[in-house]
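These notes concern the structure reproduced below.
Chain letters run A, B, ... following the sequence lines, proteins first and then strands; every chain starts at 1.
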There are 2 protein chains.
Amino acid sequence: MKRKITLKQIAKELDVSISTVSKSLRDSPEISEDTRLKVQAFAKLYNYKPNNIALSLKNRKTKTIAIIIPEIVHHFFATVISGIEQVANESGYNVIICLSDESFDKEVINMEMLANGSIDGFIMSLSKETQNKADFHHIIEVINQGMPVVMFDRVTNDILCDKVIIDDNRAAFDAIQNLIDNGFKKIALITTVDYVSVGKLRTEGYLRALRTNDVNVDENLILRIEDIDNCAVPIEKFIAANKPDAVFAVNELFAVTAIKGAKKIGLNVPEDISVIGFTDGIISKYSSPSITTVSQDGIEMGGKAAKMLIQRLESEDEEEEEHYRTEVIETHLVERESTRALKRGSF
Amino acid sequence: MKRKITLKQIAKELDVSISTVSKSLRDSPEISEDTRLKVQAFAKLYNYKPNNIALSLKNRKTKTIAIIIPEIVHHFFATVISGIEQVANESGYNVIICLSDESFDKEVINMEMLANGSIDGFIMSLSKETQNKADFHHIIEVINQGMPVVMFDRVTNDILCDKVIIDDNRAAFDAIQNLIDNGFKKIALITTVDYVSVGKLRTEGYLRALRTNDVNVDENLILRIEDIDNCAVPIEKFIAANKPDAVFAVNELFAVTAIKGAKKIGLNVPEDISVIGFTDGIISKYSSPSITTVSQDGIEMGGKAAKMLIQRLESEDEEEEEHYRTEVIETHLVERESTRALKRGSF
């Protein structure tokens, strides 16, 4: 039985990383000649064929779009997919979804698998590991070969392509400004460790709002969560120790956990402490009290990304290809029960 | 530019349904000869090539599995995908996900697109419309051509293949039996309209438990929700009108809405009314009070489905192919704050 050998198998056989295999097959000067030749010889021996999409791209339309996202058990990504599906289906495109599971290797493998002729273009959001490594060769290669890529939410400046983003820094700034305008003095931040771009940008927005309003940044009021699955105890301790009058959480899981923690130590929400989350998912809507949140419209984000990709796929004008656009989705504050009545600010 | 014509385009051009095109191309006697010939001639003219997977199947391994699910904004399906990913990745398989959006046509189009050589097998859960139409020709055809299919959750007896299911009837029966054992007298049911198999089976389990315990079935205590997006008002009215001492909801959205509705009319949960949901998602975990629920383990379900499919893909024994199995995932009651303390019954 003749099986097509995979990137992963080559990497395993030669005891090198998937990234090394991928770069060697593209003759990247980053890889030593010795390794390159070894990988290429091995791939040839086993009949491995790297994509050659450029050869046939203009003659072939699969009418299929691939989405690559970090994870699926996340309401935000699910709504982005819905937005992409709606626009894609209206334009006669099918949609295929692959998960990177926050893994660089899986992101590379999935792109490799799909770019071989099954699809016309990618819509993607980077895995944490890819952001962390800042290794984007697999994406740049696909774009260089002529296959359009639209990035959303978790993007990077290192890649030239169409992008759809939330202005996370500004959205966080506006939320904090709103709290300051409403008389809150001790505003805590619950955020992630900093290598994921959105958590970083939201943290920067928080800091910028404090500085703009001449509020001292108190490092004790910033909690950085390392392990999302075990955040209940650190969040409860953090609130008990610092008694903030408002908490800004960079996602809704932290927000609902902050509310539970506050209740547990006898604080009332919103009477004693107000809580604002980020990302308007089902937890925010259905928890009691329901949670005031900075809403990112995933449906709109997905829809915009799909429109940008389809426009590029169907554009006859080759000259246009260098004019990449970045669209910014507006956020707005959805006021619910977890905050004392807010005067509307700049949202 | 030469584009591959799609099923959808043929259907549109000839003003017939996608199902008719698909059946005509397979020369199904269900379709009139006139229509069949017309579709076939048109397809030939535009160079449409139906799958011919049987020809090459045994010689080719893509090491890719396709999942087709009805929707993605649903925690249960997301956890099933996680379970499939885990097992598939461990065995060196990639996973591709497509959504039917509860549409029969999209289910047919997605299977058609993927069965053309991109993947080795399917794991799928039926769309509502497919269940409603009871038209399974697209799935039967794929199986007949030698490509394995494993169905989960929303399955049908009309297809012979491997299946992974929850015993929904029994899980509902056990939950109601538990409530009866704990002295509840007026047990209401909030369910869906009946054509989706799981809602139907859960309703049957509810009815069976009442009958087994010689409790009269009071039709007033059964609410069938037609429009899930607008269920708040009917659920609140239903509880106000009937004042049940317990509510069994066939999904967690109905359960959390029942709790909100009960609170709104001045009832305390669980003191005045206990609520049990079905499907253990994030709403059940994070709502206040948190919700007692019949848990379906999506990770386990996905893992089992992936194992069954991979076993079949890697089995050398052709004889074995007729011995299809149906695996039943155990459910259990996750007791939280929305029920008065329950004595443990048969769970």
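Within the 4.5 angstrom heavy-atom criterion, only side-chain atoms of B:I81, from C-beta onward, approach chain A. For B:V95, the part lying under 4.5 angstrom from a heavy atom of chain A is the backbone only. Heavy-atom distances place no part of B:I67 under 4.5 Å from chain A, backbone and side chain included.
Here the side chains of B:I283 and A:I283 are not in contact, with every heavy-atom distance at 4.5 Å or above. A heavy-atom distance below 4.5 Å is found between the side chains of B:K106 and A:E85. At least one side-chain heavy atom of A:L99 sits less than 4.5 Å from a side-chain heavy atom of B:I97.
Residue with the most contacts toward chain B among A:N89, A:T257, A:T64: A:N89 (heavy-atom pairs, distance under 4.5 Å).
Considering A:P289, A:S288, A:S287 as possible partners of B:S288, the one that fulfils the side-chain contact (heavy atoms from CB on, under 4.5 Å) test is A:S288.
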Legend entry - side chain to side chain contact (heavy atoms under 4.5 Å, CB included) assessment of A:D101 paired with B:Q86: CA-CA 10 Å; A:D101 288 335; B:Q86 277 171 27; over 6 Å; no

Inset, instruction - Kindly indicate, with the supporting measurements, whether the criterion side chain to side chain contact (heavy atoms under 4.5 Å, CB included) is fulfilled by B:I96 and A:L114. - result: CA-CA 9 Å; B:I96 279 177; A:L114 292 166; 4.0 Å; yes

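The distance from the CD1 atom of A:I282 to the OH atom of B:Y286 is 11.5 Å, given to the nearest 0.5 Å. Taken from NE2 in A:H75 to CD1 in B:I72, the straight-line distance is 12.0 Å, to the nearest 0.5 Å.
Listed in order of number, the residues of residues 258-274 of chain B that approach chain A to under 4.5 Å between heavy atoms are B:K260, B:K263.
Atom CG of B:D227 has more than 12 neighbouring heavy atoms from other residues, nucleotides or ligands inside a 6.0 Å radius.
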